[in-house]
Protein chains: 2
Amino acid sequence: MALAHPARRGMLARLGKGEATVGELAQPLDMSLPAVTKHLKVLERAMLISRSKNAQWRPCQLEEAPLKTASRWFEQQRKVWESRLDRLEKHLHSMEKDAGSSRGRE
Amino acid sequence: MALAHPARRGMLARLGKGEATVGELAQPLDMSLPAVTKHLKVLERAMLISRSKNAQWRPCQLEEAPLKTASRWFEQQRKVWESRLDRLEKHLHSMEKDAGSSRGRE
DNA sequence: TTCGTATTTAACCATATGGTAAATTACAGC
DNA sequence: GCTGTAATTTACCATATGGTTAAATACGAA
């Protein structure tokens with residue numbers, strides 16, 4: 001999952017404020033430039049960012065569409081978890097009602 | 001992340017319907033029992049489930065509280081992404097206005 | 001005590017992930 | 001063409017993850 005690594009989430013957060021070069025993204029990250037390049041490739045393959053060329057710099061920018069998808073994904077997940085919690089809570093309440101009959105716990 | 005693996009999410013979904021033994025959780029999963037045991041340990045360490053004893057069975061059940069936390073987490077994440085997208089959209093619109101002045105694209 | 005079922009442990013393996021250092025490429029300016 | 005800066009590629013390494021099989025453990029029932 002492209003969003004799994006904190007360094008990558010950090011880069012995306014930084015890019016939310018606007019275009020940045022590899023060096024700029026690396027600066028707060030306490031890791032070598034090759035490592036940053038690798039993370040950028042992950043983000044690029046996931047189409048979360050795009051890159052361009054400016055002399056010897058290779059600036060990165062956020063891709064708008066997939067992040068909207070990510071946002072929608074979070075919203076969906078939230079709904080899924082909510083419905084699971086609903087079912088769970090019903091289950092737990094029915095257990096409370098039953099509690100006197102046969103307590104399996106030791 | 002305990003919620004990362006589809007098998008584990010499947011187990012949690014199953015447990016949302018009520019207690020289940022290791023064998024019952026394994027049945028739909030096309031993997032060996034030892035593999036299932038490992039996944040269960042991950043879930044147990046993350047305190048998403050708890051286990052008990054019933055003869056030779058070791059039934060599992062969902063832990064309520066942390067899943068509520070997970071739900072809250074999703075909600076938070078959603079808000080974070082939304083605010084990022086707001087910022088991003090403002091940025092993109094300001095670029096549109098600028099578009100005529102200096103087109104870096106080739 | 002022995003047998004069958006449920007589960008775990010131990011030992012092992014393949015692959016993915018995240019990092020490094022050193023060499024290489026790309027480019028601007030002198 | 002040479003030099004300095006930005007970034008990437010290459011080769012390598014350590015650890016995490018997810019799986020396997022075979023053996024061990026736990027328990028109820030015969």
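The analysis underlying the following values was restricted to heavy atoms, covering all of them including side chains, and did not include hydrogens, waters or symmetry mates. In what follows, chains carry the letters A, B, and so on, assigned in the order in which the sequence lines appear, proteins first and then strands, with residues in each chain numbered from 1.
One finds a side-chain N or O of H5(B) lying less than 4.0 angstrom from the OP1 or OP2 phosphate oxygen of dG19(D). For the OP1/OP2 pair of dG19(D) and a distance below 4.0 Å, the side-chain nitrogens and oxygens of H39(B) include at least one atom meeting the criterion. Contact between the side-chain N/O atoms of K41(A) and the OP1/OP2 oxygens of dT9(D) is found at a separation under 4.0 Å. Taking only side-chain nitrogens and oxygens, T21(B) comes nearer than 4.0 Å to OP1 or OP2 of dT7(C). For dT9(D), neither phosphate oxygen OP1 nor OP2 lies less than 4.0 angstrom from any side-chain nitrogen or oxygen of R58(A). Contact between the side-chain N/O atoms of S32(B) and the OP1/OP2 oxygens of dT20(D) is found at a separation under 4.0 Å. For T37(B) and dT7(C), the shortest distance from a side-chain N or O to OP1 or OP2 is not below 4.0 Å. An OP1 or OP2 oxygen of dA6(C) is reached within less than 4.0 angstrom by no side-chain nitrogen or oxygen of K53(B).
Atom CZ in R8(B) sits about 12 Å away from atom C1' in dA16(D), given to the nearest Å. With rounding to whole Å, K38(B) atom NZ is found 12 Å from dA10(C) atom P. With rounding to whole Å, W57(A) atom CH2 is found 8 Å from dA28(C) atom C1'. The distance between atom CG of D30(A) and atom P of dG18(C), rounded to the nearest whole Å, is 16 Å. A straight line from CG of L33(A) to P of dA22(C) spans 15 Å, rounded to a whole angstrom. For the pair M31(A) CE and dG19(C) P, the interatomic distance rounds to 4 Å; values are reported in whole Å. Straight-line distance from the CG atom of L29(A) to the P atom of dG19(C): 9 Å, rounded to whole Å. When rounded to the nearest whole Å, the span between CZ of R9(A) and P of dG18(C) equals 11 Å.
Hydrophobic clustering (ILVMFWY, side-chain heavy atoms < 4.5 Å, transitive): W57(A) and L15(A) are in distinct clusters.
No side-chain donor from either of Q61(A) and S50(A) sits under 3.5 Å from a side-chain acceptor of the other.
Residues R58(B) and T21(B) are not in side-chain contact: their nearest non-hydrogen atoms beyond the backbone lie 4.5 Å or more apart. Between K41(B) and V36(B) there is no side-chain heavy-atom pair separated by less than 4.5 Å.
Looking at which nucleotide of DNA chain C each of P34(A) and N54(A) is closest to, the 5′-most match is held by P34(A).
Of the candidates dC27(C), dT9(D), dA26(D), the closest approach to any side-chain atom of A55(A) belongs to dC27(C). The nucleotide whose nearest atom lies closest to any side-chain atom of Q56(B) is, among dT9(C), dA7(D), dG4(C), dG4(C).
Nearest heavy-atom pair, E24(A) versus P28(A), reported as atom, atom and distance to 0.1 Å: O-CD, 3.5 Å.
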